[in-house]
Each structure stands twice: as structure tokens, then as C-alpha cells.
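What follows is a set of notes on a single structure, which appears directly below.
To find a chain, count down the sequence lines: A is the first, B the second, and so on, and within it residues start at 1.
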Amino acid sequence: MDKNYDPSQIEARWYAQWEKNGDFRMGMTGESYCIMIPPPNVTGSLHMGHAFQDTIMDALTRYHRMKGHATLWQPGTDHAGIATQMVVERQLAAEGSNRHELGRDKFLDKVWAWKAESGGNITRQLRRMGASVDWERERFTMDAGLSKAVTEVFVKLHAEGLIYRGKRLVNWDPILKTAVSDLEVEAQEENGHLWHFRYPLSDGSGHVTVATTRPETMLGDSAVAVHPEDERYRALIGKTVRLPLVEREIPVIADDYVDKDFGTGVVKITPAHDFNDYEMGQRHQLPLINILNDDASINEVAPEKYRGMDRFVARQAVVADLEALGLLAKVDDHTLMVPRGDRTHQVLEPYLTDQWFVKAAPLAQPAIEAVESGRIRFVPENWSKTYFEWMRNIQDWCISRQIWWGHRIPAWYDDDGQVYVGRDEAEVRQLHQLPADRVLRQDEDVLDTWFSSALWPFSTLGWPERTAELAKHYPTSVLVTGFDIIFFWVARMIMMGLKFMDDVPFREVYVHGLVRDASGAKMSKSKGNVIDPLDIVDGITLDALLSKRTSGMMQPQLAQKIAQQTRTDFPEGIPSHGTDALRFYFAALASTGRDIRFDTQRLAGYKNFCNKLWNAARYVNMMVAEHDLQAATVTSPGIAERWICSKMNTLITSVNQHYAIYRFDLIAAELHEFVWHHFCDWYLELSKPVLQHGEDPAGQLATARCLVSVLETILRLLHPIMPFITEEIWQGIGPLAGKSGTSLMHQPFPSPDADAHDAQAEDEIDWLQQSLLGLRQIRGEMDISPGKPLDVLVADAQAQDETRLQKLGLWLKALGRIQSLSPAGEQPPESAIAMVGQMKLLVPMAGLIDKDAELARLDKRIAKLGKEVAAAEAKLNNPAFVAKAPENVVASAREQAERQRQALTDLRNQHARISAL
RNA sequence: GGGCGGUUAGCUCAGGGGUAGAGCACUGCUUUCACACGGCAGGGGUCACAAGUUCAAAUCUUGUACCGCCCACCA
């Protein structure tokens, strides 16, 4: 083995090997453990969020695979309708073309070509992360099979009246010229104005003043509303006003939606361009006056002057014209929530169009019950509240999109405008007995991408066919996802799963946090703070990082600032850390639900951890090389072996428990603690005197065997989180431990063994550690060089101490660099003392220790202990404590106080003796 | 307006009624034959604030402040 751990070397080899051997293949026998990957955008690339999420899913999958479960981690990608179409349209724009020029079929060819070109990117990156997905089962939401599932679901829901078509007010993106769902609207607080306009009463008796944040919509007003109990305006109800500029007579109506205290208490009503006004329009049978074209310019319904103007241009014109007429009462600054599209970031307009909707409430009800009853459990639990909140107020879901890339809606129209829904045109004709000469046109629209994603847990398993894998792996075990798509995806999968599979799609939903940058900001391309996980893995030079962050920007003016920040944050670029270190880092930070602030220093710490493990393995390999581990010789474990096995058993129990509750942070912390401190700092050190200087061949063999077996167990424990380094080391260590098999990933995950618990061994090694700690403190604080051999005297040794000195003397001497260890006798020389229970270890001061230094050391200890004794006594002197606290608490407080008092007395005596010198 | 988080050592985070923990950073010693990406020892926190419950509160209750997120129709 090389002296230094080099991840790039190791990681390059193993993934290809595993994949070639079919190691990730779906299991079909035994208990199912199945995770569906949240399908990333097929043309996208891996970001930190993916890397984090994939680490968790891979750790779970590998853990359960090693547990012997029939695992399936189902991979695949999403066609991401709007996002992908936008990318290709941008490419066309760069070529000076557009999709309309190209036509639908040619445009779709282009998209497929782009998918073929860039679609492998994210799956390659997934491989680099070590993801043990079953690539043979990779799916794409636009595959024939999945498309068939989409059609099937659409047709069935439509037949049941759960999908309907209707002219409704929807959120309209005037750039994309498509409807989007409520969820795709991002409301942003922005500074705007509140304009107050006077609308003259038709009878000439005056005017009412209305307030609006969108003046141009007044062109489509069809009423003015007041609160029915508003004294000020009671007399106006039923009258009409003359809408300025348009010169239309519109009624003054009463509706208790109006807030008397906001603005003037009079609201202009524009049913075709505002969701509330739409509702009110329905209640009062007001006409819907649509004044916008699909690009949000003013249409021919408005007065001629405004036609063709963009909405914002029209806004200024309307304000100017009203002002000229003396009808502008005032303008206030006003902050308002502006709805913007999550893709284009443009202001969306409520717009009246024909769209397809899913009737959500009937589907939501069982989905709510599934979580209430615990058939689906959120981790952490509090996310269920968010889920309930949304589901109980769910609105119908607009599923049609006026774009080209996606699943075409399976509906056909004849020339009379009749709509027929069916699996294909032939079925439609047959079902409705349409004559062959009846011309049918398929609906131009495609479905919302999330419609197909909602079917992912069963469409990927072959539904609507009743496949064996569907029977085996549905419902899946857990969904691992971010909170941002609970509504978009999680809720909808639950609704669709219950509807079409009659069972939940997954039993648990593990909701992880967001990966943020070092200062806590969300990573985004426009902020230039994105870190590509693979740059952490492989490393990247500053120049490459700079060009990555500043090229292809939507806002090139930010490039300089981003470059500057990047130079500050990563003056030397980013060194290579390897996949295993990054994965371990993610695991260590994955405490439930909390966001991760990316911290390169902590990450570097885990790279060091890999190096530590690597070198521990080198040591083990070297030390056991000369022993025949497979020899028939029967050995019995020594005290150190019993100790490390006992500790390891505790670890195994804990790790298994923590997997069950998704506490990867605790798993990582405990593994780190065990490997570094228990195994390397202590057990490897304890093994050295035995193997190097011991004269007991059986003991040496026992030690060698234990080194190998503990290391081999460590590798199995670490493997789900750090697959590469563990596999690499295991290839050498596994056989030494008597294990056979081509890969560590199929070895059994360690399970606890009650017999391994050994309180006596733990007590004895603890005694040894206390003794060594005491001596090292003296060395440290007295500036005695670590290599300087000591002569140590022992005083006040109890019977137990004597036994332990016998038993553990070899290690005490070797690890403490003690050249002689002897009884102190009646009149010991003045010494620095280390106390281990009653026993005292004396390091004679002569020639070694400075009197003042020792006094200072004692002062420090006395002060510290004195405080503790005072606190303990105060507690025990409190009668309420003694009377009311549980007996065992009082008893242990007494015991501890007694020990501390004794130790304090010893220290004071020692201080007095040294002072007297 | 409603809901959910967070506030613990310089930094990143665990802990969650019984005398404060980790990693990194810091200080001193240390290149001894697994590892200097290392070893040994050490310093460092009135656990945001206030009141309450309790023998005992960083931990439970209530309130306050600040930070963050989600949802919501006030024109």
C-alpha cells in the first residue's frame, strides 16, 4: 500500500468494476428495500443538493444491501418540460431562429438531439459519486413505457371526472406563453405604487375613488365594489359609474369581500385579470372583459389608443391620460407581492384561457389520511404539518402547458369543438363511433412535467403492466427529498399512488436540508457561489473555477464581482478531496432537517480521516504479514482484544439503531470516534508492545487476528458511507479475515453480539488509560520530553491495582515510556503524582522537575477540583435535594463528592510537602 | 396575517432535566520504524434574553429579540 491515500487512483477503478459485475442489480428475493431517485433534469448537471441527497440514498441502499435485503435503487431522469425547452430555445435564439420558424416536429427533433448530447452528463456524475443504482433499469419520463402510464392515468382520471377542461383564470407567463400552476408562481415583495383614480358617477352626482396597483387593468373593469355595510357608500350601491377612457357604464356593487379600511374602501373589479375579482365576478354575474393578448400586450377589446402596447407601457399611458383628465387623485408608494414565474422570473398575469385541470380535493383526501394514520411517516415529523396545511387547502391543478416538449394531451377535437379523450386516435374513433371522414385534431398542449413525475414510483416499475418488480418493490421504502418539492412532487405521488396502486408510494419521507455556501447563502449561478461537487472530489485550479463561474452568465455585469469573491474564497482553487471524504462530510452534517453550510475545513478534516484509515490499514497489513492467521492454532483474546471488541459491539449496536432513524450525523461521528480514537490511538498502540516486544506467540497471533478482524468490521461499517476506500482496503484485508467474495458491498453489515460486551475489560483498560493520562499530563506540563524514559514509583496501590499492574504492566511501561516501575516504599522521594483512584503514580522530581512548575501545576488542579467540591457540597447540603431527588442520583452525588474530597486532600498534602522542600 | 425552524467554544455543528461535547482553528511539546493529512498534553463557552415550573433548567412552559424558510386574495 502507498504511504499516502490517493483517492483519484482508487475511485477511478472501483465503480467501473462494480457496474461491470452487476453488483448494483435489483434484488428480487428477500425483504424489499427500494428507493426511487428523484429524477434530475435529463439535461441538467449535478449540484451540491444532488450530491448530498445521493450520498444519503446510496448509504441507505448499500446498508440494506449488506443487510441482505432485496434492494433496488431506481435511477432515471426527468424530461423537465419547460426548463429543457427553454434551453433549446435559447440555443435557437443564438442561431437567430426560433421554434415557430422551425415547426413543432423539427423543434422536438432538436430537443431529442440535445437530450442525446447532454443527457449522459448527470448520470456520469452520479457514477462518480459512487451511486449504486441499477443502471440496467434506468428510466426517462418520456420513455415509451412511462408515456403509456401517463396516458393511462389521464384517460382514467378523465373518465372519472377527475380531469376536466375549462375556461378559467390561470397564471399566465407572457414570455413562455403558457399557463403554469399555482406552485410555479413565486410571490415576491416589490416596491410599487398605489394609484387612486376618480371614476365619475353616471348621474353626474360626483365620483368614487378607487385604488389600484395595476392601472392598465382598469381597461377591463366591469364593476366597482363597496362593502355592503359601509355607510359612506351605501347610497351608491346600484348606481353606475362611467369608466374613464373606455366610456363604459359599470355598476357599483356590494360585496363583503371589500375591506372598508383599505384604501378608499372602493375596489375596481376586473374579473378577467384578477383572481379575487374573478370570484366576485362569478358571484355577481359580471362580464369577463379580457384586454390582454397572450404576450401581455393590450388587445383589440381596449380603446384603440392602447392596442398593441405592452402592459407596462399601457400602464404609464393610462396613468398619464387619467391625470390629464384630472382623474388621478393621488399616488402612494406601496409594497406589494408581485407574482413571478419560477422559470422566467417575469411578472405573471392572471389570464383567461382554456386549460385542463385535475380535480384535486377527492384525490387529496385519502392522501391526507395516509399521513394521519401513519402509513406514511415524515422524517423529521414536523414536515407533515406543512403537508397537511397544503393538502387541506388544495386547489385544482392546472396540468396543461402551451409548450411542445412533453407528453401530448390525449384529447382530440372535431370541427364542432367536441372533445374526445382516449389512449390514441383509433381508440377515440372506435369509442365514440366516429366516421372515418370526421377530421380530428389532437390537443396541441402538453402536460405539466410533474404529472409524469407523480407516477414515478410505479411507472418506473412497469405499470400499467402488473410486473414482478412492481409486486416486489411497491410500495417503496423511503423517499429522500428536499422540502422544496413536497407540494410539487411528494404530495402528488401520494395522491396518484393511492389512486392507481391502491397503496402508498413509500412508507417514509426523509426530508433533508439545503446545501448553502459558507456564509449561509443559497447557492445559485447568478450569485456565482455554486460549487460543483465534482470539483470538491477531483479538485480544480483557481483559473478553471473562475472561468466556470463567470462564463455563460445571464447577467455578465456581475462577472467581476463574482471573480473577486471567488479569489477571496478559494485563493488556491480547491484541492482534491475524493468522493469518500465528501460523502462522509455530507453524512456527518446530515442531522435531521437542518441546512448545511458548506465548510471546506471540516471537509478537509474528513479527507484526513480517510488518510488515517488508510494508514491504519497499512499498519495492520504490515504487522500481520509474518503471522499465519489461518493456522489451526487456537488463541484466546487478551484483555486489549476483549476491550476493543466490547467497544466495537457498542458501536455496532448504535450504528444500526441510527440507520433506522436516519441519523447519519451520529453514525459518522461514532465511526470517526471509534476508528480514530479507540482503534488507532489505543488499540493499535496496545498492539505494538505485544507484536514488537512480546514473547508470547499465542498472544501475538491473537492480537494479529484481532487487528484484522476489527479492521475488517470497520470497513463493513464504513462502507455504505465511504464505498471506495473501504473496498480498496477490504480487497487485501477481507481474505486475511477469512472472508471471501468479490466485493465488500455484498458482505454482511455487522450486527451486535451481546456476548462481546465486557465490562471487566472496559474497566481495566480505562484504568490503564487513566494511568497513562496522569503520566502524560506530568510530562506535558513539566516539559519532560515524550521520549525521556521515566522511573515511576507506585503508592497506595489497592489489591485491584496490584493485579492490574501485573496484568497491564507491559503496556503501562511501553506506552508511558517507563523504564522502571517499583513500589514507593515508606519514604518516597518528592515527586509529581498522578492519581488513579486510590493509587498514586510518582514521578520523582530530582533532576527532572522544577519545584515551582510542579507547585503551579498543583495549584491549577487544586483550584479546579476545589470548585467542583464546593459545587457538590452545596448540592448535598441542600435538604430539598437530598429529600426529593431520586435515591440513585443522591447516592452517586455523595460518592462522587467523596472521591473528589479525597483527591483534593491528597493534592493539598502534596502541595504542602513540595512547598516545604 | 398564519405556520415551521434556528440562536451552544473563534468557525461548522451534536446534545436536550442531574456539574457543557466533537471536528477544525488556537497554545506548548514532538519528525520514535502506520499516519506531520501524524502523536501527546493544554487553553477556550454565565448554551440569545426574561419570567415561570422543579430539589435541580442549556434542556420543559410562556414571553421577547434577532436570523431564515414556507403558506396567504387586501385592491
Side-chain angles (χ1 to χ4, degrees), chain A residues 1 3-5 187 194 210-214 217 225 257-259 261-270 274-280 334 336-337 380 382-383 385-386 389-390 393 483-484 486-487 513-514 516 518 520 522 588-589 591 593-623 663 665-666 668-669 672-673 676 680-681 684-685 688 692 772-773 776-787 817 860 867-868 871-872 874-875 878-886 888-890 892-893 896 900:
Chain A
M1 286 173 82
K3 183 171 168 184
N4 281 317
Y5 158 67
L194 192 59
V210 298
T212 181
T213 54
R214 295 187 296 151
T217 63
Y257 157 75
V258 179
D259 180 348
D261 302 321
F262 187 88
T264 59
V266 187
V267 194
K268 60 186 275 305
I269 304 300
T270 321
D274 183 280
F275 289 101
N276 294 312
D277 293 6
Y278 180 83
E279 295 292 320
M280 204 184 297
H334 184 72
L336 68 161
M337 298 300 275
N382 58 291
W383 286 109
K385 285 190 187 169
T386 306
E389 184 60 26
W390 189 69
N393 299 297
F483 56 82
D484 50 332
I486 288 180
F487 305 145
L514 216 63
R516 299 173 173 280
K522 211 167 164 170
L589 274 288
S591 61
R594 201 166 160 145
D595 287 353
I596 290 183
R597 271 191 195 212
F598 204 76
D599 175 11
T600 45
Q601 290 198 307
R602 191 155 175 182
L603 174 70
Y606 294 124
K607 164 100 188 277
N608 294 351
F609 177 61
C610 292
N611 190 55
K612 188 74 175 174
L613 178 67
W614 182 258
N615 279 290
R618 275 179 66 221
Y619 168 81
V620 172
N621 270 316
M622 271 163 17
M623 294 315 267
R663 287 304 303 270
D665 59 326
L666 300 179
H672 185 276
E673 157 88 5
W676 202 302
C680 291
D681 287 348
L684 294 192
E685 294 307 320
K688 286 176 186 174
Q692 287 166 351
L772 288 166
L773 176 67
R776 285 167 179 170
Q777 280 175 333
I778 291 172
R779 266 189 205 274
E781 289 169 49
M782 295 302 114
D783 275 350
I784 301 171
S785 135
R817 310 246 162 207
K860 209 162 72 181
K867 265 191 212 156
E868 282 172 20
K875 194 175 189 177
N878 177 359
F881 171 71
V882 180
K884 296 198 178 173
N888 61 323
V889 172
V890 177
S892 79
Q896 197 179 3
Q900 288 173 336

Pairwise [atom1] distance, [M] and [N] [rounded to whole Å]:
N     : M     : atom1 : value
B:G52 : B:C11 : C1'   : 35 Å
B:C71 : B:U54 : P     : 42 Å
B:U8  : B:U12 : C1'   : 12 Å
B:U27 : B:A65 : P     : 41 Å
B:A20 : B:G15 : C1'   : 9 Å
B:A48 : B:A57 : C1'   : 16 Å
B:A36 : B:A25 : P     : 15 Å
B:C69 : B:U46 : P     : 30 Å

task: Could you please spell out the steps behind the side chain to side chain contact (heavy atoms under 4.5 Å, CB included) verdict for A:L589 and A:F598?
output: CA-CA 9 Å; A:L589 274 288; A:F598 204 76; over 6 Å; no
Which part of the nucleic acid, if any, lies within reach of [X] when heavy atoms closer than 4.0 Å are counted: base, sugar-phosphate only, or nothing?
X      : result
A:A885 : base
A:F262 : base
A:D259 : base
A:P879 : nothing
A:M623 : nothing
A:Y606 : nothing
A:E279 : nothing
A:V258 : base
A:K3   : sugar-phosphate
A:D681 : sugar-phosphate
A:Q896 : base

Could you pull out the closest heavy-atom pair between [X] and [Y], with the gap in Å?
X      : Y      : answer
A:H672 : A:F609 : CD2-CD1, 3.5 Å
A:D681 : A:K612 : OD1-NZ, 4.4 Å
A:A225 : A:M280 : CB-SD, 3.8 Å
A:C680 : A:A616 : SG-CB, 3.7 Å

Among [options], which nucleotide has an atom closest to any side-chain atom of [X]?
X      : options             : result
A:L336 : B:A75, B:A41, B:A14 : B:A75
A:T386 : B:G18, B:C70, B:A41 : B:C70
A:L773 : B:A41, B:U30, B:C13 : B:A41
A:R663 : B:C74, B:G15, B:G18 : B:G15
A:L589 : B:C55, B:U12, B:U19 : B:U12

OP1 or OP2 of [N] versus the side-chain N and O atoms of [X]: is any pair under 4.0 Å?
X      : N     : value
A:W676 : B:G39 : yes
A:H334 : B:A75 : yes
A:K688 : B:A34 : yes
A:R817 : B:C29 : no
A:N611 : B:G38 : no
A:R602 : B:C24 : no
A:T213 : B:A75 : no
A:Q692 : B:C33 : no

Pull out every protein N or O sitting under 3.5 Å from an N or O of nucleotides 5-11 of chain B, one pair per line with the distance.
none

- prompt: Is there a donor and acceptor pair closer than 3.5 Å between the side chain of A:K612 and the base of B:C37?
  reply: no
Rounded to the Å, how far apart are [X] [atom1] and [N] [atom2]?
X      : N     : atom1 : atom2 : value
A:K860 : B:G44 : NZ    : C1'   : 13 Å
A:H672 : B:C13 : NE2   : C1'   : 14 Å
A:M782 : B:C40 : CE    : C1'   : 15 Å
A:L514 : B:C4  : CG    : P     : 21 Å

query: Can you tell me if A:N615 and A:R618 form a side-chain donor-acceptor pair at under 3.5 Å?
result: yes
message: List the residues meeting ring-ring contact (aromatic ring centres under 6.0 Å, His included) with A:F881, not counting sequence neighbours, and say none if there are none.
response: none
- prompt: Using Watson-Crick and G-U wobble pairs whose two distances are both under 3.5 Å, how do you write the pairing of RNA chain B as dot-bracket, with | for links to another strand?
  reply: (((((((..((((....[..)))).(((((.......))))).....(((((..]....))))))))))))....
Lys/Arg-Asp/Glu bridge criterion (N-O < 4.0 Å) met for A:D665, A:R594: no
task: For A:N608 and for A:A616, locate the closest nucleotide of RNA chain B by heavy-atom distance; then report the residue assigned to the nucleotide nearer the 5' terminus.
output: A:A616
- line: By nearest-heavy-atom nucleotide on RNA chain B, the more 5' of A:N615 and A:F275 is A:N615
field: Under 3.5 Å: donor-acceptor pair, side chain of A:N878, backbone of A:A874
entry: no
task: Name the orientation class of the two ring planes belonging to A:W383 and A:F483 (parallel below 30°, tilted from 30 to 60°, perpendicular beyond 60°).
output: parallel
